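As the structure lists them, so they are numbered: ligands from 1, and atoms in each ligand from 1. Please read all numbers here as calculations on a predicted model, not as lab measurements.
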Amino acid sequence: MADEVEKKHEVIMIGAGPASLTAAIYTTREDIETLLFERGAVGGLAAVTDWVDNYPGFPEGITGLDLADALHKQAERFGAIIELGEVSKITDEGEYKHLETTSGDMYAKAILIATGSDYKKIGVPGEMEYYARGVHYCATCDGAFYRDKRLVVVGGGNSAVQETMFLTRFASHIDLLVRGDKFRASEILQRELKEKHSDKVTVHFNTTTDEIVAENNKVVKVVGTDKTTGKKVDFPTDGVFVFVGLMPNTQFLKDSPIELDAIGLIKTDQDLQTTMKGVFAAGDVRSGATMQIASAVGEGSTAALRIREYLEGRHSPAMK
Ligand SMILES: Cc1cc2nc3c(=O)[nH]c(=O)nc-3n(C[C@H](O)[C@H](O)[C@H](O)COP(=O)(O)OP(=O)(O)OC[C@H]3O[C@@H](n4cnc5c(N)ncnc54)[C@H](O)[C@@H]3O)c2cc1C
């Protein structure tokens with residue numbers, strides 16, 4: 001970590017998850033001076049992922065913490081400096097962009113925003129206790145751990161229905177708990193769920209999720225309430241997937257000219273440049289992201305190469 005943080009930098013990266021750490025490996029290895037700001041844990045969401053089974057190069061899988069640690073060490077080996085702190089505003093001041101941070105005013109010629117996205121939580125007992133150890137938010141990441149097992153899925157929107165259908169590849173049976181009396185998902189998805197997956201999926205409308213219960217450190221059931229009768233209902237399960245929305249970490253861009261899409265993810269062009277020249281975005285915070293570590297790492301390396309071109313004056317204008 002930096003003892004005293006310089007104010008002017010070649011590149012500042014916001015967030016120190018897989019996307020930024022990878023980008024920093026590329027920039028610092030090419031002697032482009034780089035400072036990263038991280039408001040939470042270095043390694044981002046990867047650092048809190050129990051077990052990563054789908055990151056290439058690790059045939060037996062790897063813990064998220066070990067993967068995050070390796071990326072962190074590799075970035076620091078080439079000279080990346082990580083400052084623990086938060087960025088709260090970016091403004092374009094021409095050659096240098098101005099950043100308001102918890103360490104004061106900072107300036108950078110180029111910025112990479114890789115602040116990721118958080119999954120919305122349902123806030124019930126058991127959810128955080130068994131986070132990533134029975135309670136999940138990403139079917140692509142963790143669905144395959146539930147081959148021939150029972151699952152509960154919580155949610156009623158497009159992503160809940162879509163991900164439930166995906167999870168039928170693995171699970172023997174899924175109870176889908178929907179708080180309202182109907183889905184918010186599109187008609188097409190609802191029809192597909194009914195026509196192709198009713199053998200494995202039981203939909204429970206008007207059902208709240210009240211508690212996730214574990215025995216011997218293993219999730220065994222969800223307790224819900226049937227709102228039409230007011231009665232408690234037990235749903236025996238081996239795991240729970242929650243799909244109630246995404247919260248992109250872009251609140252700090254609220255008053256900036258950097259354009260966001262309808263759910264608040266950052267729009268970029270094919271060079272990963274945002275609508276502010278010299279400001280790039282990569283990973284889970286980017287509109288179109290696939291919310292996977294391998295993709296975040298790929299986008300981080302692409303962004304670093306585009307940033308180098310930008311600093312050398314060989315880059316296209318900002319996205320229109
Ligand atoms: C439980 C769980 C399991 C997962 N399992 C897998 C898996 O098995 N395989 C897989 O490929 N993917 C998995 N993922 C997804 C994967 O973790 C993400 O796709 C990946 O971490 C995204 O990397 P990122 O660098 O874009 O963002 P993140 O990892 O989210 O990092 C962003 C960082 O930015 C910081 N930040 C945010 N705002 C600010 C700010 N204003 N100032 C300073 N810092 C800021 C955050 O604290 C965070 O550390 C999982 C995710 C979760 C939650």
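Among N54, D142, I293, D50, the residue whose heavy atom lies nearest to atom 9 (N) of ligand 1 is N54. Among A68, A296, S20, G85, the residue whose heavy atom lies closest to atom 43 (C) of ligand 1 is G85. The option from I14, D118, L45 that lies nearest to atom 28 (P) of ligand 1, judged by heavy atoms, is L45.
Under a 4.0 Å criterion applied to the non-hydrogen atoms of G283, ligand 1 contributes the atoms 26 (O). Close approach of ligand 1 to G44 is summarised as follows: ligand atoms under 4.0 Å from at least one heavy atom of the residue are 29 (O), 31 (O), 48 (C), 49 (O). Using a 4.0 Å cut-off to heavy atoms of A46, the atoms of ligand 1 that qualify are 17 (O), 21 (O). Within the listing of ligand 1, atoms 18 (C), 19 (O), 20 (C), 22 (C), 26 (O) sit less than 4.0 angstrom from a heavy atom of D284.
If you check which protein heavy atom lies closest to atom 46 (C) of ligand 1, you get E38 OE2, 3.4 Å. For atom 15 (C) of ligand 1, the nearest protein heavy atom (residue, atom name, distance) is M291 O, 3.7 Å. Of all protein heavy atoms, the one closest to atom 41 (N) of ligand 1 is V87 O, 3.1 Å. Closest protein heavy atom to atom 7 (C) of ligand 1: C141 CB, 3.3 Å.
Aromatic ring orientation, F241 versus F243: parallel (interplanar angle below 30°, classes split at 30° and 60°).
Side chain to side chain, S103 and E83 meet the donor-acceptor criterion of an N or O pair below 3.5 Å. Residues T34 and H9 bring no donor and acceptor atom of their side chains to less than 3.5 Å of each other.
Closest approach of I111 to I307, counting heavy atoms only: O-CD1, 4.5 Å. In terms of heavy-atom proximity, A68 sits nearest to L21 at O-CD1, 4.3 Å.
Contacts with ligand 1 closer than 4.0 Å are made by no heavy atom of V48, backbone or side chain. If you look at E86 next to ligand 1, the close heavy atoms, those under 4.0 Å, come from the backbone and the side chain alike. With a 4.0 Å cut-off on non-hydrogen atoms, Y131 touches ligand 1 through its side chain and not its backbone. The part of A41 lying near ligand 1 is the backbone, judged by heavy-atom distances below 4.0 Å.
A salt bridge links D92 to K97: at least one charged side-chain nitrogen sits closer than 4.0 Å to a carboxylate oxygen.
Both tests pass for K121 against the ring of Y137: distance under 6.0 Å to the centre and angle within 45° of the axis. Judged by the 6.0 Å distance and 45° axis criteria, K182 is not positioned over the aromatic ring of F205.
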